[in-house]
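Every chain is numbered from 1 and lettered A, B, ... according to where its sequence line falls, protein lines coming before strand lines. Values reported hereafter were calculated over all heavy atoms of this structure, with side chains retained and with hydrogens, waters and symmetry mates removed.
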2 protein chains.
Amino acid sequence: MRYKISPMTTGRDTQTQGGTGRTRGRPRSFDRATALEKALMAFWEHGYEATSVSDLTRVMGIGAPSLYAAFGDKRTLFDEVVRVYAGTHGAFADRALAEEPTAREGIGRMLREAAAEYTDPSHPYGCLIVHAATNCTSAEVEALLRERRNAGIAALESRIRADVVAGLLPAGTDAAALARHAGAVIQGMSQQARDGAQREELEALAKIAMTIWPHD
Amino acid sequence: MRYKISPMTTGRDTQTQGGTGRTRGRPRSFDRATALEKALMAFWEHGYEATSVSDLTRVMGIGAPSLYAAFGDKRTLFDEVVRVYAGTHGAFADRALAEEPTAREGIGRMLREAAAEYTDPSHPYGCLIVHAATNCTSAEVEALLRERRNAGIAALESRIRADVVAGLLPAGTDAAALARHAGAVIQGMSQQARDGAQREELEALAKIAMTIWPHD
DNA sequence: GTCTTTCTGTAGCGACCGCTAGGAAAATCT
DNA sequence: AGATTTTCCTAGCGGTCGCTACAGAAAGAC
């Protein structure tokens, strides 16, 4: 049958390169990173529960035992998918906050980029962290994403608070409310992207949302 | 095969007490409206997919055949639950929009009441229409709630547009963006209520969200 | 009472769920 | 070459899913 080996990618991509060709047994017939990305897309589109293991094996192009050997169980695979997502497709928010000189500019850029990212037709709409584990029979999986969402809002708040301390924002600024507002807007944008909103509509939403900031 | 005709069974004998005495066979051993409310709470808390029929029969206190006889299949029961929710717990938005003299006051009241409603400890947090059918294997059920969400935003937009026409808002007002913003905020508030936000926090969010309106 | 109608509980259907045993296949090591 | 290690495929495990056949139970109609 099919054997598209590509021996260099087989053993390396898993963890640290190590240099020593350590593959003793039969080499893996699929690229782990590619399969992981397929799993990411499936979980992103349909969520944790609605993506069955047989869905995963189909889109990843591998059998169930290969999946369990390479990624652990479904839950462990989802954990890894969430980490990958946060470091790639979902990293624009942290980047915007870190690279812009003020909280206001950072959040403005974050919302503008969210409008583009959440409606990008090259992948599922919206945000995986917002949607992939709602209504989940596993409380632990639900908690995994909830904590990421709440951590995101907390990061916004501390970034805003830093600008208040630095005198870039008025002393009476309600950092918590500003952070919650930005969080609500980005979560709502994700929902609306899933519901069919266009990029331009979300950009207009992002723009108007930024007018709440002091001295605009 | 199936003979579930009897137009009275669907909703007639629900609460019209024995005045007309239509009941021929063995009377129902449970109150239909009460059982429906229990189903509503279960769907509200866990969503459509994650609420199994055996969950439903347990919280409703009836057997599966009784459920199917009284409410049709799971999907039909969910449809009815959504209608009941929209007419009760979810009716505050339409009410605020209809009763306040301006779009701005209506939306302000809507967001304030959402903060209270979504964090009310006497029932599940957040909004059933936002959360109960995300990541659903049934595309039809997902579409059912998506259309209600989009209709809600469209209603906001037309209410705002009416105020623009009436001269209550500046001629250049971006009604669509204002409506999308209010929709995103209320959807985000629902998400944050589910994630543990307190009423006061959501009220502060609602308040700051209203500062985007012209001449505030 | 008996008949008819409707509801209730038991018990189980086929389909799918997440997951894994077991053996054949494909590589390296000696 | 054989031995060893690791992956792959087939097949199927126990469990739950939504849903229903069936027979007994509880009411009005006669």
Tell me whether the side-chain N/O atoms of [X] come closer than 4.0 Å to OP1 or OP2 in [N].
X	N	answer
B:Y68	D:dC19	yes
B:S29	C:dC7	no
B:S54	D:dC17	yes

Minimum-distance nucleotide to [X] side chain [options: [options]]:
X	options	value
B:P27	C:dC19, D:dG18, D:dA26	D:dA26
B:S66	D:dC17, C:dT28, C:dT8	C:dT8
B:R24	C:dC19, D:dC8, D:dA29	D:dA29
A:R26	D:dG18, C:dA26, C:dC29	C:dA26
B:D73	D:dC19, C:dG18, D:dT7	D:dC19

Closest approach of B:L111 to B:M189 (non-hydrogen atoms, all atoms of both residues): O-CE, 3.4 Å
Using atom [atom1] of [X] as one end and atom [atom2] of [N] as the other, report the distance to the nearest whole Å.
X	N	atom1	atom2	answer
B:M60	C:dG9	CE	P	13 Å
B:L67	C:dC7	CG	C1'	13 Å
B:D55	D:dC19	CG	P	14 Å
B:I62	D:dG18	CD1	C1'	15 Å
A:K74	C:dC19	NZ	P	8 Å
A:R58	C:dC17	CZ	C1'	14 Å
A:R32	D:dC8	CZ	P	12 Å
A:F30	D:dT6	CZ	C1'	12 Å

Across the strands shown, which category fits [X] at heavy-atom distances under 4.0 angstrom: base, sugar-phosphate, nothing?
X	value
A:T51	sugar-phosphate
A:A69	nothing
B:P65	base

Ring geometry between B:Y48 and B:F43 (parallel below 30°, tilted from 30 to 60°, perpendicular above 60°): parallel
Neighbour count above 12 (heavy atom, 6.0 Å) for B:E99 CD: yes
B:E157/B:R180 ion pair, N-O < 4.0 Å: no
Residues B:K207 and B:E203 bridged, charged N to O under 4.0 Å: no
